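Since we're looking at a predicted model, the values are computed, not measured.
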Amino acid sequence: MPLPTSLAAMTDQANAAAVQAAATARIRVGDESALTGLAETEALFNSVWGLPHGETAIPAELLRSISHAGCNVTVARDDDGLLVGAAVAIVSPQNSSMYSLIAGVLPGVADTGIGFALKQHQRAWGLARGLTTMTWTFDPLVSRNARFNLTKLGAHAAEYAQDFYGPMHGAINANDESDRLIAVWPLDSGAAVRASEGHPQPVDLIVTGDADAVSVPTGASAVGPDGLPCVIDADGSLWCRVPVDIVALRTTNPEQAAAWRRSVRRTFTEAFASGHTARGVTRTGWYRLVPKEQQ
C-alpha cells in the first residue's frame with residue numbers, strides 16, 4: 001500500500017487505523033474532559049504505578065487543566081464503561097510535535113491491544129492538528145515497553161537521559177534511578193503507517209558464526225551482570241540485551257538490577273555518541289542499534 005501523500009490523507013489513514021485498533025481491542029477510545037472521568041484516570045495511573053496512598057502520578061486537577069488547554073487526554077473504556085487505559089499528551093509550542101506525559105493500562109488486561117489503540121488515537125489526534133511527531137521517555141530496562149515503543153509503534157531513540165526524573169517511588173520503579181531513553185515517533189513516517197496497520201518492521205536477531213561478543217566504542221563491557229553476553233555485533237548492527245523482567249529483578253535482586261542500570265547506561269551512552277540509533281527490540285529483549293550509515 002503506497003504512503004498517503006498529504007497531511008489530510010495521512011490523517012484519514014490514522015483515523016481508520018485508530019478505529020480498527022479500538023475494535024480489535026474491543027474498547028471505546030476517545031477524549032476525556034469531564035472531572036469525574038479525569039478523577040478515574042488519576043486513580044488508574046496510581047494503580048498502574050503501584051503508588052502508596054497519598055501519592056499520585058498526575059492529579060485530576062492537572063488533567064483538567066491539560067484538557068482545558070486543548071491538549072490531549074485519551075481514555076479507553078470497555079463495553080461496561082470501565083476505564084481500562086489512558087494516555088496524556090501536551091503540545092510543544094516550538095515545533096510540530098506533541099509530548100506524551102503518561103500512558104497506562106489497567107493491571108490484568110495487558111497484551112489485549114488497549115495500549116496500541118490508545119497510541120493510535122493519539123496519532124490521529126495529532127495529525128488532525130498538524131502535529132507530525134510525538135516524543136516521550138521510557139525506561140530502557142523495561143524490555144516489554146521498549147519493544148512496544150520501538151517495534152510495535154515504529155518509534156526510534158538516539159538520546160539517553162541519566163536519572164531524568166530524580167528519585168522515584170512505587171512498586172514499578174522500586175527506588176531505582178530514573179534513566180530514560182527519549183522516544184521519537186514520526187507520526188507520518190512509513191514505519192508509523194505500516195505499524196498502525198499491524199505490519200511493523202520485523203526485528204529479529206540471528207546470530208551466526210561470524211557474530212562475536214564485542215564491546216561498544218571505548219570499551220564498555222560486553223558481558224551483562226548475569227555473566228552472559230549483553231552486547232554483540234551482528235547483521236551490521238550492535239545489539240544490546242536488557243533483562244526480561246527488570247521490575248521483578250528489582251525486588252528479588254536489587255544489586256543486580258542496579259548493575260544492569262549501570263551497564264546499559266554505558267552501552268547506550270557510548271553507542272549514541274558514535275552515531276547509532278535504537279530502531280527496534282526483539283521479543284527476547286535485544287535492542288537493535290543501527291549505525292549512522294544504515295539510517
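Between W49 and F45, the ring planes are perpendicular. Angles over 60° get that label, and only those under 30° would be called parallel.
At least one side-chain heavy atom of H156 sits less than 4.5 Å from a side-chain heavy atom of P186. Taking 4.5 Å as the limit, some side-chain heavy atom of V203 sits within range of a side-chain heavy atom of W239. W185 places none of its side-chain heavy atoms less than 4.5 Å from the side chain of T135. By the 4.5 Å heavy-atom criterion applied to side chains, C240 and C230 are not counted as neighbours. A 4.5 Å side-chain heavy-atom check between L141 and P243 finds at least one atom pair inside the cut-off. Residues L38 and T36 fail the side-chain proximity criterion, which asks for heavy atoms closer than 4.5 Å. Looking at heavy atoms from C-beta onward, R288 lies out of side-chain contact with H276 at the 4.5 angstrom threshold. In this structure the side chain of I58 reaches within 4.5 angstrom of the side chain of L63, judged on heavy atoms.
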Notebook entry, point to check: Is there a salt bridge (Lys or Arg N to Asp or Glu O under 4.0 Å) between E32 and R77 once you walk through the steps?
Noted result: CA-CA 11 Å; E32 182 61 84; R77 296 183 181 276; 3.6 Å; yes
Note to self: Let's go through T56 and N46 carefully: what are the C-alpha distance in whole Å and the side-chain angles of both, what is the deciding distance for side chain to side chain donor-acceptor pair (under 3.5 Å) to 0.1 Å, and is it a yes or a no?
What the structure shows: CA-CA 6 Å; T56 186; N46 292 344; 3.2 Å; yes
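Here CG of L153 is found 5.5 Å from CH2 of W136. Values are rounded to the nearest 0.5 Å. Taken to the nearest 0.5 Å, the OG1 atom of T282 stands 8.0 Å off from the CZ atom of R147.
There is no side-chain donor-acceptor pair under 3.5 Å between S143 and Y287. Residues S65 and E61 have side chains that never bring a donor and an acceptor to within less than 3.5 angstrom of each other. A side-chain donor from one of S178 and D163 sits under 3.5 Å from a side-chain acceptor of the other.
With respect to D179, the salt bridge (Lys or Arg N to Asp or Glu O under 4.0 Å) criterion is satisfied by exactly one of R262, R265, R266: R265.
More than 12 heavy-atom neighbours from other residues, nucleotides or ligands sit within 6.0 angstrom of CZ on R129.
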Can I get a per-line list of side-chain donor-acceptor pairs under 3.5 Å for residues 101-128, giving both atom names and the distance, sequence neighbours left out?
{"residue": "D111", "atom": "OD1", "partner": "R144", "partner atom": "NH2", "Å": "3.3"}
{"residue": "D111", "atom": "OD2", "partner": "R144", "partner atom": "NH2", "Å": "2.8"}
{"residue": "T112", "atom": "OG1", "partner": "V109", "partner atom": "O", "Å": "2.7"}
{"residue": "K119", "atom": "NZ", "partner": "S100", "partner atom": "OG", "Å": "3.4"}
{"residue": "K119", "atom": "NZ", "partner": "Q122", "partner atom": "OE1", "Å": "2.8"}
{"residue": "H121", "atom": "NE2", "partner": "D31", "partner atom": "OD1", "Å": "2.9"}
{"residue": "Q122", "atom": "NE2", "partner": "N72", "partner atom": "OD1", "Å": "3.0"}
{"residue": "R123", "atom": "NE", "partner": "L187", "partner atom": "O", "Å": "2.8"}
{"residue": "R123", "atom": "NH1", "partner": "Q13", "partner atom": "OE1", "Å": "3.0"}
{"residue": "R123", "atom": "NH2", "partner": "Q13", "partner atom": "OE1", "Å": "2.9"}
{"residue": "R123", "atom": "NH2", "partner": "L187", "partner atom": "O", "Å": "3.1"}

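With sequence neighbours left out, the salt bridge (Lys or Arg N to Asp or Glu O under 4.0 Å) criterion links R261 to D139, D176.
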